[in-house]
There are 2 protein chains.
Amino acid sequence: MTKYESIKEHIYQKIESGEWPEYHSVSSENALANQFHVSRMTARRALQELCDEGLVTRTRGSGTFVAPLKSQSALLTIRNIADEIRMRQHQHSARVVKMEKVPAYPALATFLHVPIDSDVWHSVIVHYENGQPVQVEDRYVNPRLVPDYGDQDFSEHTPHEYLCEVTPLTEASHQIEAMAPDQQLMKWLQLNEPEPCLQIHRRTWCRDGVVSQATLTHPGSRFRLGGHMTFRAPRKKVEE
Amino acid sequence: MTKYESIKEHIYQKIESGEWPEYHSVSSENALANQFHVSRMTARRALQELCDEGLVTRTRGSGTFVAPLKSQSALLTIRNIADEIRMRQHQHSARVVKMEKVPAYPALATFLHVPIDSDVWHSVIVHYENGQPVQVEDRYVNPRLVPDYGDQDFSEHTPHEYLCEVTPLTEASHQIEAMAPDQQLMKWLQLNEPEPCLQIHRRTWCRDGVVSQATLTHPGSRFRLGGHMTFRAPRKKVEE
DNA sequence: GCTATACTGTTGTATATACAATAGCAAAGA
DNA sequence: TCTTTGCTATTGTATATACAACAGTATAGC
């Protein structure tokens with residue numbers, strides 16, 4: 001392993017273990033250079049690459065700091081319904097309609113890597129935009145990794161926000177499909193007629209295993225999922 | 001603008017204009033250093049950053065080359081239904097049900113940045129997986145940028161593949177929604193009963209403007225959109 | 001108390017140099 | 001002809017140095 005890789009590894013370990021939380025200061029280039037007995041340029045390379053990868057932020061004159069998680073998720077749109085609604089200048093509210101411990105059925109047990117029939121958290125939360133329901137969040141959470149999930153107040157902060165705080169999420173997978181809502185979903189979404197719904201299945205990982213599996217259901221008439229991407233790096237703006 | 005940015009800009013321009021096609025050799029670090037009267041380390045930084053951004057590939061001992069486009073689109077999954085079906089080891093076929101020039105209605109004219117009522121290409125293609133329809137591709141194409149669109153044979157190559165070849169795509173935006181199919185869509189998808197459908201609206205740009213707008217409709221029962229992402233850079237594998 | 005100034009620490013850019021590792025090719029040799 | 005050998009060009013890693021630009025703080029002066 002090269003020297004700059006060793007340094008990256010060292011810092012990565014601090015961040016990933018939680019020893020250095022968000023916004024925590026990272027050793028300066030000179031400090032690292034002394035500590036690892038390398039030149040400043042080598043230490044610099046380690047910090048620079050971590051910055052490119054989005055793990056730390058750097059500001060001239062000030063220093064290097066552990067990047068907030070949100071800046072990473074912003075990259076690839078891990079969706080937070082509350083933020084999205086607030087961004088539209090609309091009012092977000094949430095109602096917890098279920099919060100219970102249930103035995104894991106076989107498929108779920110496999111997903112979460114827990115024994116079959118062992119207790120897992122199960123919550124159902126309805127999210128409202130200006131009073132109109134726009135999402136039903138049906139979520140199972142691994143109690144080994146998040147024991148206090150059931151004690152939280154999710155009318156203020158979404159489960160996603162809470163989970164981001166207590167476990168450093170490292171991965172997520174999404175599946176999206178169109179489906180017809182059942183009676184229960186129609187009731188929660190206040191739909192009189194069945195209408196096509198967009199359903200997002202999301203699983204999130206932290207380094208210790210699968211944290212949570214969520215099914216987010218949106219009525220088709222009230223929700224669109226958007227995204228934008230550039231293939232080639234955009235040409236730098238001409239500054240003056 | 002800094003020196004290394006000037007060099008990046010210079011190379012970016014060569015690639016974006018098409019003067020240097022895929023796999024074309026890029027000047028070496030030393031050559032750039034001489035040409036721009038900078039040190040090798042500065043020229044190196046320009047090439048290194050272009051490599052990080054995925055525009056060029058570099059191999060020690062050999063040189064620097066313009067990266068193939070596919071490696072970029074692979075990053076963020078611009079979806080190609082044909083590839084996806086083939087990847088599942090299934091048989092893909094396509095039927096062109098419409099290929100015409102139609103006057104651009106106002107909203108479309110705005111999207112494509114062409115005059116209202118000027119002719120634009122309009123195609124409708126049904127994609128089949130093992131003989132079963134899985135996608136209706138309803139596409140409008142800017143004839144100013146792609147004049148020969150109507151002359152292509154899309155039973156072999158998809159429009160997306162063709163457009164990627166003739167215009168270097170630089171951006172795309174997606175919107176996804178759930179909707180109920182109308183009579184025409186039901187006929188093309190061979191649906192007897194209405195069922196929720198996943199609809200993807202896609203617009204693609206090249207540097208000269210909007211190339212194409214497509215609406216891809218999938219029956220919910222036969223299609224799922226999947227994705228996986230990692231937030232923190234995965235720890236480097238230990239090499240030995 | 002408030003402001004201006006200077007100082008220090010930090011990151012950003014740029015250079016010159018050295019050596020290592022690899023790919024490709026040419027020349028020498030069997 | 002085929003293989004080996006060595007050379008050269010190229011990228012990768014590492015160092016030492018210099019100066020610029022900026023943030024934050026301490027200090028001096030009012």
Side-chain angles (χ1 to χ4, degrees), chain A residues 1-12 14-15 20 22-68 71 233 235-240, chain B residues 1-12 14-15 20 22-68 71 233 235-240:
Chain A
M1 194 187 303
T2 60
K3 297 187 179 180
Y4 78 90
E5 283 175 324
S6 307
I7 301 175
K8 277 180 71 174
E9 188 70 16
H10 171 256
I11 297 169
Y12 183 92
K14 297 276 187 187
I15 297 176
W20 289 353
E22 291 184 10
Y23 303 107
H24 189 282
S25 132
V26 176
S27 322
S28 75
E29 297 178 358
N30 284 317
L32 287 171
N34 289 330
Q35 184 181 346
F36 287 89
H37 306 100
V38 299
S39 77
R40 184 195 145 202
M41 292 309 286
T42 302
R44 173 179 179 72
R45 177 163 180 184
L47 290 177
Q48 193 56 56
E49 292 197 0
L50 288 170
C51 182
D52 291 342
E53 293 164 13
L55 272 80
V56 302
T57 61
R58 323 189 72 207
T59 44
R60 164 192 303 198
S62 176
T64 304
F65 306 89
V66 177
S71 71
R235 194 196 292 254
K236 269 266 176 70
K237 270 185 307 215
V238 181
E239 308 266 327
E240 64 227 289
Chain B
M1 192 187 306
T2 60
K3 296 187 180 182
Y4 77 89
E5 282 175 326
S6 307
I7 301 176
K8 277 180 72 174
E9 188 71 14
H10 171 256
I11 297 169
Y12 183 91
K14 296 277 188 187
I15 297 176
W20 289 353
E22 290 182 12
Y23 303 108
H24 188 282
S25 138
V26 176
S27 321
S28 76
E29 296 178 358
N30 283 317
L32 287 171
N34 289 330
Q35 184 181 345
F36 286 87
H37 305 100
V38 297
S39 77
R40 186 196 143 201
M41 293 307 286
T42 302
R44 174 181 179 70
R45 176 163 180 185
L47 290 177
Q48 194 56 56
E49 292 197 358
L50 288 171
C51 182
D52 291 342
E53 294 164 13
L55 269 81
V56 303
T57 60
R58 322 188 73 207
T59 43
R60 166 190 301 198
S62 177
T64 304
F65 305 90
V66 177
S71 70
R235 196 194 292 254
K236 269 267 176 69
K237 270 185 307 215
V238 181
E239 308 268 327
E240 65 227 288

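Reminder, nothing fancy here: chain letters follow the sequence lines and each chain counts from 1.
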Taking all heavy atoms of [X] and all of [Y], pick out the closest pair and write down the distance.
X: A/Leu47; Y: A/Ser27; value: CD1-O, 3.9 Å
X: A/Leu55; Y: A/Ile15; value: O-CD1, 4.1 Å
X: B/Ala67; Y: B/Glu22; value: O-CG, 4.1 Å
X: A/Leu32; Y: A/Ala43; value: CB-CB, 3.8 Å
X: A/Thr42; Y: A/Tyr4; value: O-CB, 3.9 Å

Could you pick out which residue, B/Thr42 or A/Thr64, lies toward the 5' side of DNA chain C when each is mapped onto its nearest nucleotide? A/Thr64
Side-chain donor-acceptor contact under 3.5 Å, A/Glu5 with A/Thr2: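 Short answer, yes.
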Applying a 4.0 Å non-hydrogen cut-off, can you work out what B/Arg45 is touching in the nucleic acid: base, sugar-phosphate, or nothing? sugar-phosphate
What is the distance from [atom1] of [X] to [atom2] of [N], rounded to the nearest Å?
X: A/Glu5; N: D/dT13; atom1: CD; atom2: C1'; answer: 10 Å
X: A/Phe36; N: D/dA14; atom1: CZ; atom2: C1'; answer: 16 Å
X: A/Met1; N: D/dT13; atom1: CE; atom2: C1'; answer: 15 Å
X: A/Leu47; N: C/dG9; atom1: CG; atom2: P; answer: 18 Å
X: B/Glu49; N: D/dG12; atom1: CD; atom2: P; answer: 14 Å

Can a side chain N or O of B/Gln48 be found less than 4.0 Å away from OP1 or OP2 on D/dG12?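 Yes.
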If the cut-off is 4.0 Å, is B/Arg58 near the phosphate of D/dG12, judged by side-chain N/O to OP1 or OP2? yes
Among D/dG12, C/dT13, C/dT11, the nucleotide that comes nearest once only the side chain of B/Tyr4 is considered: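 Of the candidates, C/dT13 comes closest.
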Test item: A/Ser28 side-chain N/O and A/Ala31 main-chain N/O as donor-acceptor pair under 3.5 Å: yes
Nearest-0.5 Å distance, CG of residue B/Leu50 to CD1 of residue B/Ile7: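 That separation rounds to 10.0 Å.
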A/Arg45 vs A/Lys8, side-chain contact (heavy atoms from CB on, under 4.5 Å): CA-CA, chis, key distance, verdict: CA-CA 9 Å; A/Arg45 177 163 180 184; A/Lys8 277 180 71 174; over 6 Å; no
Quick one, A/Phe65 and A/Val26 - any side-chain contact, counting heavy atoms below 4.5 Å? no
Is there any protein nitrogen or oxygen under 3.5 Å from a nitrogen or oxygen in nucleotides 16-19 of chain D, and what are the pairs?
none

Using a strict cut-off of less than 4.0 Å between a Lys/Arg side-chain nitrogen and an Asp/Glu carboxylate oxygen, indicate whether A/Glu29 and A/Arg58 qualify as a salt bridge.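 Counted as a salt bridge, because a side-chain N and a carboxylate O are separated by less than 4.0 Å.
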Contact residues, residues 24-32 of chain B to DNA chain D [heavy atom, < 4.0 Å]: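 Heavy-atom contacts with DNA chain D come from B/Ser28, B/Glu29.
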Might you list the N or O atoms of the protein lying below 3.5 Å from N or O atoms in nucleotides 21-25 of chain D, with each pair's distance?
from: D/dA21; atom 1: O4'; to: A/Arg60; atom 2: NH1; distance (Å): 2.5
from: D/dA21; atom 1: O3'; to: A/Arg60; atom 2: NH1; distance (Å): 3.2
from: D/dA23; atom 1: O4'; to: A/Gly61; atom 2: O; distance (Å): 3.4

